[in-house]
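These numbers come from a predicted model, not from an experiment. Counting convention: from 1, in listed order, for ligands and their atoms alike.
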Amino acid sequence: MVSSAQPIRMLDVILAKRSGKKHSRDEIKFLIDGVMDRSIPDYQLSSWLMAVCWRGMELDECAWLTDAMCHSGQVLDLSDVGPLVGDKHSTGGVGDKTTLVFVPLLCAAGIPMAKLSGRGLGHTGGTIDKLEAIPGFKVDISIEHFIEQVKKIGMAIAGQTAELAPADGHLYAMRDVTGTVESIPLIAASIVSKKMAAGTNLIILDVKCGKGAFMDTEEKAVSLAKTMAAVGRKLNRPVLAVVTDMEQPLGMAVGHTTEVIEAIETLKGRGPHDLIELCMELGSLALVQAGKAKDVAEAVKKLQDLISSGEALKTFGTLISAQGGDARVLDNYSLMPTAKMQKEFLMPATIICDGQEKSLSGKQAKQWIGNLDGKKVAEACKIMGAGRAKKGDPIDLAVGVVLKAKVGDAVEVGQSLATVHCQSEEQYKQATAKLIEAYTFSGSPVLKSTLIKASIT
Ligand code: URA
C-alpha cells in the first residue's frame, strides 16, 4: 500500500505491486480513473499489469478492482424486472451453443435472463454470430430496447456494448498485447465487472479448462471459478460457477447454422448428451439458488419437463420473434444459411495411433478416438470462412462440421467421422486436411472424459 498522506503516483503503485504489496481501495480507484481519463500512460499500465500477473491480488483488491471497473461506465438497473435476473457466461469454447438452449430454458423456468454476448474471435465462436444465422434476428439492439424486452418477455440476448465497464475494454486490449491475459484476478475482474454492469444478480459462469481454453489445467480453472464466486460474494452478487472440460468440442456441431440446429434439437429433447448435461448442471444450480427448486433432483426434473412438454422450445420461439427473427426456423432449418455441399469425412487408413503414424488394415481397422482437439476442428471451420482473423471480418454462417464420433468412441477405417458443410470441393479438401490433425487414435479402448470437473456455489 502506498502512504495515504501523499497524492498517489502511478510509479509508486507499480513498485508496491512489484514487491507483492496489497493495494488500497483508493489506489485501485486511482488506477481505474487513470485508465478512463488516459492520465496513466500505456507503458505504466502494462508494467502494472505484468506486476499483477507475477504477484497476484488478494481477494479484497480483486473485488475493489471489479467494482471500480463495473462503475467505470453505465450500470444497468434491472430492478423493475424482478428480484432476480440471471446471466450466463462461458469463458469461450468450441461448439459452445449452451446460451441458445439455456436462456429460453431458464426463462421458461421462471428466471428472467438478460444476456449480453460477444462475437467470435480467434478459434472460439460467438453466440451473437450464431444467432445471426436466424433470418431477421437483431442482435444490435439499444440498451433501452434490451431492458424493455427483458421486462416484457423475461429474456433478451444482445451484443456486448462498449458503454458497460469501458475500463475493461482498454485494460483487455492492453493485456492482449502485453502477455498479461492469463492472470486469475485480472480475468475475474474483467468478467465479473461486465456481468455486474449488465445489472444481473444471478451470475452463472462456465469456466472451460483444457486445450484451447484460457485455463489449460483443471487446477487453474477451479481457482478462477472460486475467485469469481468469492468476488461475487464480496460484492453481494451470487456467482455460481462450473468448471468444464474443453479438450474436445461441446456437442457435435461446430459452426453457426449447424450449432443453431443442434441447440434447437436440444430444446426438442434430441440434443447431444454433453450439452444436455451442461444445461442441466448450470440450470439446476441456478434454480436451487433462486429458490425455484428445493434441491438439484427437483430442479433437473423441472428442466426436463420444460423440454419434454415443448415449453422451452416455445420460449425460444418467443425470443426469436421478439428480436425480429423468423421463428419458423424451429421447424424449417433450411431457412438458415445452408452450405452448397454436405460431404462425409471418412476415417483414413493412415492415422496417428498411440503417438505414431500407422497404416491400418484388416483387424486393426477398428480404433478408438483418443483425442479430438477442438481448436483444430475450429481451424478447419475457419479455413472454410466460419471464423475471423480480425474484428469485423465477414464470416460464412453456413459452413461447419458436424462430428459423428467423439473421444472414447470406436471407429473403423472408411467410417464417417464427421459431416463437412462446405461451399466447394476445394474448401472440403483444405478443411479436411486440417480436420485430420484434430484426431489421435488408440488401438485399445479409451475412457470417455467427464465434462463437469467441479461446481462452485
Ligand atoms: N473473458 C473476459 O471477458 N475477460 C478476460 O479477461 C478473459 C476472458
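When hydrogens are left out, the protein atom nearest atom 8 (C) of ligand 1 is Phe214 CE1, 3.3 Å; that is the closest non-hydrogen contact. Protein heavy atom in closest approach to atom 7 (C) of ligand 1: Ile187 CG2, 3.7 Å. Ranking protein heavy atoms by distance to atom 4 (N) of ligand 1, first place goes to Ser190 OG, 2.6 Å.
Looking at Glu61 and Lys22, no side-chain N of the basic residue comes within less than 4.0 Å of a carboxylate O on the acidic one, giving no salt bridge. Look at Lys151 and Glu148 and you find a salt bridge, because one of the NZ, NE, NH1 or NH2 atoms lies within 4.0 Å of a carboxylate O, short of that distance. Using a 4.0 Å cut-off between charged nitrogen and carboxylate oxygen, Asp67 and Arg25 count as a salt-bridge pair. Salt-bridge check for Asp206 with Lys208: passed, with a basic side-chain N closer than 4.0 Å to an acidic carboxylate O.
Residue Tyr172 approaches ligand 1 through these ligand atoms, each under 4.0 Å from one of its heavy atoms: 4 (N), 5 (C), 6 (O), 7 (C).
Taking 4.0 Å as the cut-off, Ile191 counts as a neighbour of ligand 1 on heavy-atom distance.
The shortest N or O to N or O distance between Arg175 and ligand 1 is below 3.5 Å. Of the N or O atoms in Lys194, one or more lie within a sub-3.5 Å distance of an N or O in ligand 1.
For the pair Lys453 (side chain) and Val242 (backbone), a donor-acceptor distance under 3.5 Å is absent.
For the residue pair His170 / Asp42, a side-chain donor-acceptor distance below 3.5 Å is found, with atom types taken as modelled.
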